[in-house]
Amino acid sequence: MTKKVTPYQDSDLGKKEQVTQMFDKISGNYDGLNRVISFGIDIKWRKRVVAILKKKKPEMVLDIATGTGDLAINLAETGAKKIIGLDISPGMLEVGKKKVLERKLAQTIEMVEGDSENLPFEDNTFDAVTVAFGVRNFETLEKGLAEIYRVLKPKATFVVLETSVPTKTPYKQGYSFYTKYVLPKIGRIFSKDDSAYAYLSKSASVFPHGDAFNNILRKIGFIDVVNKPQTFGVASIYIATK
Ligand SMILES: C[S@@+](CC[C@H](N)C(=O)[O-])C[C@H]1O[C@@H](n2cnc3c(N)ncnc32)[C@H](O)[C@@H]1O
């Protein structure tokens with residue numbers, strides 16, 4: 001089991017409600033902040049996810065925890081007929097919907113409010129499911145992953161992009177300093193929500209990564225599970241098959 005880290009330690013609300021509240025609050029600054037804290041490398045990581053799926057020629061794609069829709073928008077390059085971007089935060093979706101309209105992708109991309117732990121779709125619906133920087137925010141990780149497994153078609157692909165923790169010196173020490181001291185300060189300047197960025201780095205440091213996450217995917221039932229560490233291991237792409 002993963003340790004429970006929540007955005008607002010003093011709140012009586014559950015993790016799901018707190019996460020929704022936090023992302024609603026930072027939605028207006030999220031995209032700019034993302035570029036700053038990852039030095040823009042997050043764009044490259046999402047492109048890698050798209051390249052992996054493009055080869056599989058998926059028709060129906062679900063991007064869970066889509067947020068402001070960056071990955072859903074990039075996924076249009078796969079040629080998919082339908083892409084659904086699902087998120088629990090109405091604030092993040094609002095920003096995402098505007099971006100979809102601006103890019104004239106409303107025919108292909110539908111933005112839907114929903115919970116990863118109770119997906120509003122039939123079994124065996126999607127050729128691919130993606131989650132970028134979302135799984136560590138799930139209240140019950142295994143429940144969300146089991147739902148994803150359920151809505152994927154047999155042999156369909158699941159791709160996760162998530163933060164991970166570098167294991168080699170000096171990246172390990174550099175990463176620890178950056179997430180402990182620099183990241184919360186940048187977050188505070190941009191979002192005026194101290195807890196939000198303290199939560200984002202704390203949740204990243206305790207979330208299972210590498211083999212530990214591969215094993216959770218296998219436990220859910222996924223096969224052919226592989227992980228590809230990105231940029232000294234500060235993020236990882238996980239690929240799995242139903
Ligand atoms: C760090 S953002 C990632 C957004 C986007 N995928 C990206 O790559 O920028 C995490 C997102 O997960 C969403 N989220 C958290 N828990 C969720 C849940 N149970 N169901 C659906 N979305 C959830 C949040 O609302 C937030 O928009």
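Excluded from the calculations below are hydrogen atoms, water molecules and symmetry mates; all remaining heavy atoms, backbone and side chain alike, are included. Indexing begins at 1, ligand by ligand and atom by atom, following the structure's order.
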Looking at Arg150 and Glu147, does any basic side-chain N land under 4.0 Å from a carboxylate oxygen?
yes
Looking at ligand 1, would Thr20 count as a contact under a 4.0 Å heavy-atom criterion?
no
Distance-only N or O hit between ligand 1 and Ala132, under 3.5 Å:
yes
Just do the side chain to side chain contact (heavy atoms under 4.5 Å, CB included) check on Trp45 and Val234 with the steps written out, would you?
CA-CA 11 Å; Trp45 296 334; Val234 300; 3.7 Å; yes
Atom 27 (O) of ligand 1 sits nearest the protein heavy atom Asp87 OD2, 2.7 Å
Salt-bridge present (Arg46, Asp42; N to O < 4.0 Å)
yes
Within a 6.0 Å radius of atom NZ on Lys56, are there more than 12 heavy atoms belonging to other residues, nucleotides or ligands?
no
With a heavy-atom distance limit of 4.0 Å, tell me whether Ile88 approaches ligand 1 through its side chain, its backbone, both, or neither.
both
Under 4.0 Å from a heavy atom of Val19: which atoms of ligand 1 are those, numbered in the order shown and with their elements?
15 (C), 16 (N)
Decide whether an N or O pair under 3.5 Å exists between Tyr30 and ligand 1.
yes
Asp70 near ligand 1 by a heavy-atom separation under 4.0 Å
no
Relative to ligand 1, is Asn34 under 4.0 angstrom through side chain, backbone, both or neither, heavy atoms considered?
side chain
Short N/O distance, under 3.5 Å, between Lys16 and ligand 1?
no
Looking only at heavy atoms, is any part of Phe133 under 4.0 Å from ligand 1, and if so is it the side chain, the backbone, or both, or is it neither?
both
Lys57 and Asp127 ion-paired at < 4.0 Å:
no
Filtering Gly134, Gly85, Ser116 for the heavy atom nearest atom 20 (N) of ligand 1 leaves Ser116
Gly114: heavy atom below 4.0 Å from ligand 1, yes or no?
yes
Using a 4.0 Å cutoff against the non-hydrogen atoms of Asn137, which atoms of ligand 1 qualify?
10 (C), 15 (C), 16 (N)
With the threshold set at under 4.0 angstrom, would you say Leu71 reaches ligand 1 through any of its heavy atoms?
no
Any donor-acceptor pair under 3.5 Å linking the side-chain atoms of Tyr199 with those of Asn137?
yes
Modelled atom types, side-chain donor and acceptor of Asp63 and Thr130, under 3.5 Å:
yes
Ignoring hydrogens and angles, state whether a donor on the side chain of Asn227 or Ser236 is under 3.5 Å from an acceptor on the partner side chain.
no
Any atoms of ligand 1 less than 4.0 Å from a non-hydrogen atom of Ser89? List them with their elements.
25 (O)
Just jot down the side-chain contact (heavy atoms from CB on, under 4.5 Å) partners of Ala51, sequence neighbours excluded, or say none.
none
Do any N/O atoms on Ala65 end up under 3.5 angstrom from N/O atoms on ligand 1?
yes
From the list His209, Arg136, Gln230, side chain to side chain donor-acceptor pair (under 3.5 Å) partner of Thr163 resolves to Arg136
Please work out whether any backbone atom (N, CA, C, O) or any side-chain heavy atom from C-beta onward of Arg46 is under 4.0 Å from ligand 1, and answer side chain, backbone, both or neither.
side chain
Nearest 0.5 Å, please: how far is NZ in Lys153 from CG in Asn124?
9.0 Å
